[in-house]
There are 2 protein chains.
Amino acid sequence: MGTREQLVDSTRELLWERGYVGTSPKAIQQRAGAGQGSMYHHFAGKRELALAAIERSADELLAAADELCAPGTALERVTAYLRREREVLKGCPVGRLTQDPDIVADPQLRAPVDESLARLRARLTEVLDEGRAAGELPAVLDTAALAATVVAVLQGGYVLARAAGAPEPFDQAVSGVLALLAAHAH
Amino acid sequence: MGTREQLVDSTRELLWERGYVGTSPKAIQQRAGAGQGSMYHHFAGKRELALAAIERSADELLAAADELCAPGTALERVTAYLRREREVLKGCPVGRLTQDPDIVADPQLRAPVDESLARLRARLTEVLDEGRAAGELPAVLDTAALAATVVAVLQGGYVLARAAGAPEPFDQAVSGVLALLAAHAH
DNA sequence: GTCTATAGACAGATAGAC
DNA sequence: GTCTATCTGTCTATAGAC
């Protein structure tokens, strides 16, 4: 792998683990096995490196959301996405960034976070719309609201799991929302 | 207010806004209007100050949860708690701390976060149990899982709102889960 | 492209005067 | 109790050699 990619990858990991404020150029260089000069040759500084890393994480989130386009009923697809294998205790590489004041305050850095989560919700809304059209869900339900609920359960599940130091609350939260959705499914 | 309380209060605010890593002793002192000597007289250091601040925030979270013990049906009480007035874009002062590696890694600092969120879920479970006993909810539903879902919707709602830079996704997520719960309520 | 040297500012804390 | 001085290390970057 090229040095440039190594640097972006290390930044991605560190942003995930420690956030923007908690990630220093020095730590990035050490993890990437690159020197100061190398890093500042490829990137103008920490911010530009973070931008590349965030965009890459956002792309991965959307790539995983492609699973929602698989065959099956709407509820099967939502279930598969929620039950997807995840590193629950590490949290969401994208959602995590919303707790970083320097990222939220910077329009350029926040944009990929905003857009990827918005698109995920939009895709979920489409799937739920299909399910509603197929009679899986009552026509009165607001699918956009339900999509927000589903994504929020994921993001909040991570929070509860990290607080507890165990993945169980995440699994409970997912089971709970799926039970509510399934109760309408016939 | 005493200097000691001012210091704890400033720390609470800064932990909320910038997290543990992003909060320096100097910033705490400036916001509290206290000097170095004063801070280190009252507290051994940043960590001890953070511990006091986190415990206070955890207490406030539980105090707000007392609303769940108000009169009314289970669903009315859950709705009132979810619709409670919140500074959505600021996020949850307690949940926010789960993204801080230094807090999650330190059992003493993580304990108040863990316990308060666990108790909130426990209280919600009781309320939902009452609702189930009263016939508001189907007997087959797992109330502990539903409680985790409800809290996760809140915590995840904050994440979505901060990503979007607007409170709407939070409101949608709350509306979605309430619609699912209400559909069973008769 | 990568290296080393350098630099001003801040982090986090200690020491001792008052 | 609070103040000022001091200290070691890190943050984030720049400069220039190779």
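We name chains A, B, ... by the order of the sequence lines, and we start the count at 1 in each one. None of these values were measured; they are calculated from a predicted model.
Rounded to whole Å, the distance from CG on Leu49(B) to C1' on dA13(C) is 14 Å. Taking atom CD of residue Gln30(A) and atom C1' of nucleotide dT10(D), one finds them 11 Å apart after rounding to whole Å. Straight-line distance from the CG atom of Asp102(B) to the C1' atom of dA11(C): 13 Å, rounded to whole Å.
By the neighbour-count criterion of 12 heavy atoms within 6.0 Å, atom CZ of Arg119(A) is sparsely surrounded, having that number or fewer from other residues, nucleotides or ligands.
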So which protein nitrogen or oxygen atoms get under 3.5 Å of nucleotides 11-18 of chain D's nitrogens or oxygens?
unit_1, atom_1, unit_2, atom_2, d
dT12(D), OP1, Lys46(A), NZ, 3.0
dA13(D), OP2, Tyr40(A), OH, 3.4
dA13(D), OP2, Lys46(A), N, 3.1
dA13(D), N6, Gln36(A), NE2, 3.1

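Shown here for Val177(B) and Leu82(B), the closest heavy-atom pair between the two residues is CG1-CD1, 4.0 Å. When all heavy atoms are compared, the tightest approach of Ile103(B) to Leu97(B) is CD1-CD2, 3.7 Å.
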Could you give me the CA-CA distance, side-chain angles and deciding distance for Asp102(A) and Arg47(A), then say whether salt bridge (Lys or Arg N to Asp or Glu O under 4.0 Å) is met?
CA-CA 10 Å; Asp102(A) 293 356; Arg47(A) 184 179 169 281; over 6 Å; no
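Taking only side-chain nitrogens and oxygens, His42(A) comes nearer than 4.0 Å to OP1 or OP2 of dT2(C). Phosphate proximity of dT2(D) to Thr3(B): present, with a side-chain N or O under 4.0 Å from OP1 or OP2.
For the segment residues 4-18 of chain B, the set of residues with a heavy atom within less than 4.0 Å of an atom of DNA chain D is empty.
Residue pairs meeting the side chain to side chain donor-acceptor pair (under 3.5 Å) criterion with at least one partner in residues 152-161 of chain B, sequence neighbours excluded, are Arg86(B)-Tyr158(B).
Looking only at side-chain heavy atoms (C-beta outward), Glu60(B) and Pro93(B) stay at 4.5 Å or farther from each other.
Checking Ser57(B) against Arg12(B) by side-chain atom types alone, a donor-acceptor pair falls below 3.5 Å.
When each of Arg162(A), Arg31(A), Arg96(A) is paired with Glu17(A), the salt bridge (Lys or Arg N to Asp or Glu O under 4.0 Å) condition holds for Arg31(A) and for no other.
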